[in-house]
A.B. asks: 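My structure is below; once you've seen it, I'll send some questions.
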Amino acid sequence: MERLWPPVLSEIERQLDGDRFRVLFQGTELVAYDGQTAEVAVPDRVQGDAISRGYLGTIRDAFVRVAGLAPEVRITIREKTEAIPPLVLNPSYTFENFVVGSSNRLAHAAAIAVADSPGLAYNPLFLHGSVGLGKTHLLQAICHAVIRRPRQLQILYLSCESFTNDFVSALERGQVENFRYKYRHVDVLLIDDIQFLAKTEKTQEEFFHTFNTLYNAQKQIILSSDSAPKDIPTLEERLVSRFKWGLVSSIDPPSLEMRVAILRNKARIRGLEFPPDVVQFIAETVTSNIRELEGAVLKLLAYAKLTERPVDLALAREVLQDYLRAPLRRVTIDGIVQRVTQAFGVKLADIQGKRRTKSVSLPRQVCMYLARSLTDHSLEEIGGYFGGRDHTTVIAALDRVKLLRERDPAFSGLVDKLTKELFA
Ligand code: ADP
Ligand code: MG
């Protein structure tokens with residue numbers, strides 16, 4: 001049977017488009033064949049119903065073509081299997097592929113504990129952190145680990161949005177009982193991005209009861225959010241307090257060291273090794289989150305392939321220019337003025353005023369110079385900001401600062417120092 005089913009499946013795949021095939025036939029297997037009847041087990045009822053409604057003939061035809069058999073096809077729902085549509089999980093979001101560092105150590109340890117003993121370790125487990133830091137990865141790693149356990153557990157993983165949609169459509173179709181059965185009979189319930197629950201009252205009410213039922217039955221609940229429970233604006237107090245019954249753990253942005261480790265890991269997964277200076281460069285340049293870090297790696301690899309150039313520092317600098325420029329956009333004229341007036345001991349009003357004494361005109365010129373080199377403002381805008389001067393005045397100021405920098409190393413050092421501070 002193990003040998004018969006794969007070629008039959010391939011034949012079915014030839015008949016259907018790829019997505020439909022995956023949705024319908026992922027996780028199916030031939031569990032019995034007695035010469036007359038072929039019994040095909042499918043992971044869940046939804047999938048089983050869909051096949052029974054329209055694809056029994058397709059299966060039978062495939063048997064005919066592949067093996068010259070024309071069995072009657074019977075579908076059975078595999079007992080106590082995961083209720084996760086397999087498509088939902090990203091196969092690479094596993095514990096093995098998760099790099100652990102100080103910023104996520106607790107969250108990771110808690111996730112492992114929960115996967116090891118669902119319902120017993122921490123309940124609920126609540127993971128929060130800003131975007132791209134690995135919440136979804138950890139939730140799915142728990143799913144993979146639970147699915148791999150010898151004792152099959154009923155597990156449901158979904159986004160908060162799906163939960164809400166599911167509930168709303170159950171309400172509309174008068175099938176709330178089905179909805180309740182589905183959500184209240186699982187061993188492990190994982191809801192990603194629970195902050196979106198905030199919106200509709202009725203859904204919160206329903207979730208509250210789902211939570212209570214599962215919790216009382218010692219079933220595992222795992223939630224993720226972009227902020228801590230108390231910081232989700234419209235979340236009811238009774239839910240906030242329940243979320244804190246178990247373990248609330250934050251995932252913080254990765255340190256430089258960890259970014260380096262993640263980059264090495266991502267390269268390794270792709271069977272590559274980046275030169276150390278490239279790794280260092282990316283880790284220092286792309287600092288916001290891990291998703292961006294991955295994006296940078298992909299972009300770099302794509303360019304290297306496209307231009308047939310080796311992945312070296314020069315290429316990395318070229319490709320990641322956007323990231324290099326990004327911090328420049330964050331410097332504002334206000335920030336520049338604040339920093340410069342402080343350094344030169346002058347007042348804001350002086351800088352924006354008409355006086356031309358050297359004590360105020362030099363800091364004003366430095367401001368214009370920094371504004372020109374560190375922001376996207378035009379000469380006109382810069383002139384306008386500094387007391388309605390026109391663009392020729394700004395150009396003159398830029399020239400003067402450039403000249404002074406060439407002549408006076410101390411002054412040049414000061415300008416560099418201000419620049420650095422503005423980025424810090
Ligand atoms: P979130 O759900 O918090 O927005 P994700 O879990 O989607 O973030 O993570 C974004 C990307 O970064 C994913 O591709 C994920 O695999 C990767 N990632 C996040 N944290 C880690 C980590 N610690 N080790 C390896 N990859 C990670
Ligand atoms: Mg996510």
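When a ligand or atom number is given, it counts from 1 through the structure's own listing order. Since we're looking at a predicted model, the values are computed, not measured.
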A.B. asks: Answer yes or no: is there an ion pair linking E96 with R148, defined by an N-O contact shorter than 4.0 Å?
C.D. replies: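 R148 and E96: salt-bridged.
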A.B. asks: Is the distance between the Mg ion (ligand 2) and the nearest N/O/S atom of S224 smaller than 2.8 Å?
C.D. replies: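 No.
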A.B. asks: One thing to verify: whether K266 and E294 come together as a salt bridge, which I'm taking to mean a side-chain N less than 4.0 angstrom from a carboxylate O.
C.D. replies: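 Result for this pair is yes, salt bridge flagged.
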A.B. asks: Are E421 and K417 close enough for a salt bridge, meaning some N to O gap below 4.0 Å?
C.D. replies: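 Judged by the 4.0 Å cut-off on N to carboxylate O distance, E421 and K417 do form a salt bridge.
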A.B. asks: Heavy-atom distance to atom 25 (C) of ligand 1: which of N97, D226, N289 wins?
C.D. replies: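 That would be N97.
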A.B. asks: Please determine whether any non-hydrogen atom of G129 lies less than 4.0 Å from an atom of ligand 1.
C.D. replies: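 Per 4.0 Å heavy-atom rule, G129 does not contact ligand 1.
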A.B. asks: Compute the minimum heavy-atom distance from N104 to ligand 1 and say whether it is under 4.0 Å.
C.D. replies: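 Yes, that is the case, since the closest heavy atom of the residue is under 4.0 Å from the ligand.
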A.B. asks: Which residue owns the protein heavy atom closest to atom 17 (C) of ligand 1, what's the atom, and how far is it?
C.D. replies: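 Heavy-atom neighbour on the protein nearest atom 17 (C) of ligand 1: I290 CG2, 3.5 Å.
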A.B. asks: Between ligand 1 and L133, is the shortest N or O to N or O distance under 3.5 Å?
C.D. replies: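 Yes - when backbone and side-chain N and O of L133 are compared with those of ligand 1, one distance drops under 3.5 Å.
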A.B. asks: For G132 and ligand 1, does the shortest N/O to N/O distance drop below 3.5 Å?
C.D. replies: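 Yes; at least one N/O pair falls below 3.5 Å.
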A.B. asks: Could you check whether R238 makes a cation-pi contact with F208, meaning its NZ or CZ is under 6.0 Å from the centre of the six-membered ring and within 45° of the ring axis?
C.D. replies: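 Cation-pi check for R238 and F208: passes.
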A.B. asks: Check this for me - ligand 1, N265, N or O atoms closer than 3.5 angstrom, yes or no?
C.D. replies: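 Checking ligand 1 against N265, no N or O pair falls under 3.5 Å apart.
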A.B. asks: Any heavy atom of K266 sitting closer than 4.0 Å to ligand 1?
C.D. replies: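 So K266 counts as touching ligand 1.
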A.B. asks: Would you say ligand 1 has an N or O under 3.5 Å from any N or O of I262?
C.D. replies: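 No, no N or O pair falls under 3.5 Å.
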A.B. asks: Ion pair present between E206 and R180, side-chain N to carboxylate O less than 4.0 angstrom?
C.D. replies: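 So E206 pairs with R180 through a salt bridge.
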A.B. asks: Could you report the tightest heavy-atom contact between F243 and P124, atom names first, then the distance?
C.D. replies: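 Result for this residue pair: O-CG, 3.8 Å.
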A.B. asks: Consider every N or O of V100 and every N or O of ligand 1, then say whether any pair is closer than 3.5 Å.
C.D. replies: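 Among all N and O atoms of V100, none is under 3.5 Å from an N or O of ligand 1.
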A.B. asks: Does the side chain of R309 come under 3.5 Å of the side chain of Y303 through a donor N or O and an acceptor N or O?
C.D. replies: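 Distance-only check fails for R309 and Y303.
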